[in-house]
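Notes to accompany the following structure.
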Amino acid sequence: MSIIASLSPRAVSTPESGIVEIINHARAGGRRDLIPLWAGEGDLPSPDFINQAASSALLGGETFYTWQRGIPELRQALSDYYTRHFSKTLSSEHFYVTGSGMHAIMMAVQAIASPGDELIYLSPTWPNIISAIELSGASAIGLPLAFTGGGWSLDLDTLDAAITPKTRGLFINTPANPTGWTATLDDLRDILTLARKHGIWIIADEIYARYYYGGAARAPSFLDIMEEGDRIIFANSFSKNWSMTGWRMGWLVAPPEMGQVIENLIQYSNSGVAQFMQRGAVVALNEGDGFVNENVARAVAGRDILCDALIATNRVQTLKPDGAIYAFLKVDGVTDSRLTAMDIVDKIGVALAPGSAFGEGGELFLRACFLRNSAHVEEAAGRLADYIKRL
């Protein structure tokens, strides 16, 4: 028996990320003029006031085992953050610090799903959720969003019909990666009504809640409408808001009754986040609203530059998204987004993620992250427009 054949079938069957594949391809090419719009991060490094807090804690010796649920100061800072931005009073017992947003999602899935269960997600979606579900032994059931007129929408009747006796929960990412679909309050009410009707969980990925372009400071949230006893777990991350992607820090918001369960899952996965890093996260939450606003402003500028230039070619179907940090582009003449993404890197030095990486409904699309310096986005948009016109 070969080495691979002797491994867990779940591990072996987990696919390579189509996003990482294009990143590796672009890096191997070695182009110095490469403009990387491939991944979900901006081009600003973590700000000094966050770095200094973590550095001081590191140099001060905060390098020992720490609280599994997160240091008390960080959990309180999260509570205060939700009071400010969500007008929701939640005690610190609702918050659990995780080793990234991905870790938060994995913990949420493991908390509610067992082998044989089904979890429904809206497709196209960030591919990691699919593998997180399948690695838990459950089945990931994709429900395609409808694409019409350059935008995306959810049909509630179709969602209701997809729920079966095996359905354990719904994974709802809004604002959404990669589509930019952003649920209205009415959408959220309808989804929550279905969850209550069927007695199932909602995992709410609200990582992009602050990247909202609909005239308010944040996107609509299940927190705006939920009631005591609703089965909702919220996943979030420090990565996008505060330019902390490399820190690998996130959090969960969940009922305090789940506290020991979540603590145990953390203990047996990463045993907690380094305390000196958590000190940086405290400062990010307490002092970082201005920096988040700067990132959001950069996203708005990048979105307008990129979408205006590509829509003007008359060969790209998209609308300016209401939320998140991506343009999801349906380009005339593209039949294989993976090969097209490779070709774009090689020929014009712009790196996009292939829509095929995001599951059903994304095969003919390309995803571009526009959270970057406006001059870089403008250069990338010009190169892409010229490329698309030649297809």
Side-chain angles (χ1 to χ4, degrees), residues 67-98 101 103-114 117-122 129 138 154 156 159-160 163 165-176 182-210 212 216-237 250-266 285:
W67 302 78
Q68 302 295 286
R69 304 185 191 193
I71 61 174
E73 296 90 338
L74 180 50
R75 298 175 76 201
Q76 184 59 51
L78 284 164
S79 174
D80 296 340
Y81 177 83
Y82 275 76
T83 299
R84 287 199 313 276
H85 293 288
F86 291 84
S87 301
K88 195 76 173 179
T89 302
L90 299 170
S91 74
S92 62
E93 294 303 306
H94 289 81
F95 298 95
Y96 310 87
V97 180
T98 62
H103 188 225
I105 290 169
M106 181 67 83
M107 296 299 95
V109 170
Q110 290 183 350
I112 70 171
S114 300
D117 289 339
E118 296 177 350
L119 269 71
I120 295 173
Y121 65 91
L122 307 182
I129 180 56
L154 171 64
L156 268 296
L159 176 58
D160 193 12
I163 297 172
K166 293 183 178 181
T167 303
R168 186 65 171 160
L170 309 174
F171 179 81
I172 305 296
N173 171 214
T174 174
T182 303
T184 65
L185 271 180
D186 285 340
D187 290 331
L188 296 179
R189 286 192 185 96
D190 289 340
I191 294 168
L192 183 53
T193 296
L194 286 181
R196 290 168 175 166
K197 169 186 169 183
H198 293 281
I200 58 179
W201 283 87
I202 293 172
I203 299 175
D205 176 350
E206 295 191 349
I207 285 172
Y208 299 98
R210 300 284 296 277
Y212 179 58
R218 63 161 174 84
S221 166
F222 283 109
L223 286 165
D224 298 323
I225 57 171
M226 68 183 293
E227 299 175 358
E228 187 74 24
D230 281 329
R231 299 178 182 182
I232 306 177
I233 303 174
F234 297 85
N236 217 310
S237 170
W251 72 86
L252 286 170
V253 187
E257 297 92 327
M258 296 178 63
Q260 192 60 55
V261 172
I262 295 175
E263 178 172 332
N264 293 346
L265 290 172
I266 291 171
L285 291 164

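Reckoned from all heavy atoms, side chains included, excluding hydrogens, waters and symmetry mates.
- Under the side-chain contact (heavy atoms from CB on, under 4.5 Å) criterion, Asn264 pairs with Gln260, Tyr268, sequence neighbours left out.
- Partner Leu170 forms a side-chain contact (heavy atoms from CB on, under 4.5 Å) with one of Ile203, Leu119, Leu159 and no other, that one being Leu159.
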Test side-chain contact (heavy atoms from CB on, under 4.5 Å) applied to Ile129 and Asp205, step by step: CA-CA 10 Å; Ile129 180 56; Asp205 176 350; over 6 Å; no
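- Here the CZ-CG distance, from Phe222 to Leu185, works out to 10.0 Å after rounding to the nearest 0.5 Å.
- Here the CD1 atom belonging to Ile105 is positioned 11.5 Å from the CD1 atom belonging to Ile233, to the nearest 0.5 angstrom.
- Partners of His85 according to the side-chain contact (heavy atoms from CB on, under 4.5 Å) rule, which considers only residues two or more places apart in sequence or in another chain, are Tyr81, Arg210, Asp289.
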Worked check of side-chain contact (heavy atoms from CB on, under 4.5 Å) between Asp224 and Arg218: CA-CA 11 Å; Asp224 298 323; Arg218 63 161 174 84; 2.6 Å; yes
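- Within the 4.5 Å cutoff, side-chain heavy atoms of His94 are placed close to those of Pro256.
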Residue pair Asp160, His198: steps toward the side-chain contact (heavy atoms from CB on, under 4.5 Å) verdict: CA-CA 9 Å; Asp160 193 12; His198 293 281; 2.8 Å; yes
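- Atoms CG and CD, on Leu192 and Glu227 in that order, are 7.5 Å from each other to the nearest 0.5 Å.
- Heavy-atom minimum distance, Ala138 versus Ala113: CB-CB, 4.1 Å.
- Both the sub-6.0 Å distance and the 45° axial angle are not jointly satisfied by Arg69 relative to the ring of Phe95.
- In this structure, the side chain of Ser79 does not engage the main chain of Arg75 through any donor-acceptor pair within 3.5 Å.
- Between atom CD of residue Glu206 and atom CD1 of residue Ile232 there is a gap of 8.5 Å, rounded to the nearest 0.5 Å.
- Taking each heavy atom of Thr182 and Pro175 in turn, the nearest pair found is OG1-CB, 3.5 Å.
- Tested against Pro220 for a side-chain contact (heavy atoms from CB on, under 4.5 Å), the candidates Thr174, Leu188, Asp186 yield a single pass: Leu188.
- Annotation: ring-ring contact (aromatic ring centres under 6.0 Å, His included) contacts of Phe171 (sequence neighbours excluded): none.
- Considering only heavy atoms from C-beta on, Leu122 stays 4.5 Å or farther from Asn173 through its side chain.
- Contact check for Leu285 versus Leu74: side-chain heavy atoms found under the 4.5 Å cut-off.
- The closest side-chain heavy-atom distance from Asn236 to Tyr82 is below 4.5 Å.
- Checking Thr184 against Asp187 by side-chain atom types alone, a donor-acceptor pair falls below 3.5 Å.
- Rounding to the nearest 0.5 angstrom, the gap separating the CZ atom in Arg189 from the CZ atom in Arg196 is 10.5 Å.
- Within the model, atoms CZ of Phe234 and NZ of Lys88 stand 8.0 Å from one another, a figure rounded to the nearest 0.5 Å.
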